[in-house]
Amino acid sequence: MQIASWNVNSIKTRRDQVKDWLEEHAPDVLLMQELKGLEFPSETFRGLGYESIAVTQKAYNGVAILSRSPIKVVSKSLAGLEVDSHARFLEVIIKDVRIVNIYLPNGNPIGTEKFEYKLDWMDRLRGQMKRWLASEIPTIVGGDFNVIPEDIDCHKPASWIKDALFQPEPRERYRGFLDMGYVDAFRALHPDEKGQFTFWDYFRQAFEHNRGIRIDHFLLSPKLVGRLQSCEIDKDPRGLPKPSDHTPIVLTLD
DNA sequence: ATGTCGCCTCATAGGCGA
């Protein structure tokens, strides 16, 4: 079973790139983030053999899951808030695996309510992750975490020191997920590899110089770790004309 | 501070979010 995740930074703008990528790689499941609009081209993906579920809002955020196998929707919002107006969460079950697609808040700039919202969102996610561990169903939490877990996950720590993605509080919370028993699939298989990133800024030719960060992740519940075969970053789409600022990460399970 | 995208609107320029 192959599951990919890609922050597409507008599905309207990136639709053809996603279509081309699906035709070339044919994953069983694709998680997408930052759809950035109400419209979702489900017919395009149906034509490629994928059914889809999208959680959208105007202009911002938005997540979707494509799958070749039937999708059972469990929840379209993260528990813990009466009204969470952000489209950032989608929990489904596909082939007896719980698959959770997240677009975790960016949190910039630090010292604002946006940063507090990010920390609160992570605390709410932690609560859900704890509950999922107690269930029979194995769980994958994937997507854009907007967290640089360790120094090795960025080109130069000094240039991220004031960024919300690199602050101690979100990083501690991310480590908390691992302490709970979840496994960072990419890092588990590539423990010491430097320069492995999933995002590069549009400006200053960051991609050309490989000045990036690793913020798109797959976390596996303990039940799934034995099935982990590979987890790779596909840099190619980031090199295309008019790319997303993120590139896909691809997980393969037995 | 800046760079560059993509969205939106009291819209063809500027603000917001990333």
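Within every chain, numbering begins at 1; the chains are lettered A, B, ... in the order of the sequence lines, protein sequences first and strands thereafter. A quick note: this is a predicted structure, and the numbers were derived from the prediction, not measured.
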Quiz item: A:R204 side-chain donor-acceptor pair to B:dT4 base, under 3.5 Å: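 Looking at the base of B:dT4, it does not pair with any donor or acceptor on the side chain of A:R204 (distance under 3.5 Å).
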
Those residues that, when tested against A:D123, pass salt bridge (charged side-chain N to carboxylate O under 4.0 Å, His left out) (two or more places apart):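 A:R173.
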
Result of checking A:L224, A:L219, A:L220, A:V225 against A:Y182 for side-chain contact (heavy atoms from CB on, under 4.5 Å):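 Testing A:Y182 for a side-chain contact (heavy atoms from CB on, under 4.5 Å) against A:L224, A:L219, A:L220, A:V225 leaves exactly one candidate, A:L219.
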
Expressed as a whole number of Å, how far does the [atom1] atom of [N] sit from that of [M]?
N      : M      : atom1 : result
B:dA1  : B:dG6  : P     : 26 Å
B:dT12 : B:dC7  : C1'   : 16 Å
B:dC5  : B:dC10 : C1'   : 25 Å

Integer-rounded Å distance: B:dG6 P and A:E39 CD: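 After rounding, the gap between these two atoms is 18 Å.
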
Whole-Å distance separating the CG atom of A:L35 from the P atom of B:dC8: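 Taking atom P of B:dC8 as the reference, CG of A:L35 is at 12 Å.
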
Interatomic spacing from CZ in A:F197 to SG in A:C154 - rounded to 0.5 Å: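 It is 6.5 Å, given to the nearest 0.5 Å.
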
Partner set under side chain to side chain contact (heavy atoms under 4.5 Å, CB included) for A:S10, not counting sequence neighbours: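 Result, side chain to side chain contact (heavy atoms under 4.5 Å, CB included) vs A:S10: A:K12, A:T13, A:K36.
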
Sugar-phosphate only, base, or nothing, as touched by A:R211 at under 4.0 Å among non-hydrogen atoms: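 Here A:R211 touches no strand at all.
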
Sequence-aligned protein contact record of nucleotides 10-18 of chain B, with B where the base is within under 4.0 Å of a protein heavy atom and S where only the sugar-phosphate is: -------BS

Joint cluster assignment, A:I93 & A:V29, ILVMFWY side-chain distance < 4.5 Å: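 No, no single cluster joins them.
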
Residue pair A:S221 / A:T139, side-chain donor-acceptor N/O under 3.5 Å: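 Side chains of A:S221 and A:T139: no pair found under 3.5 Å.
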
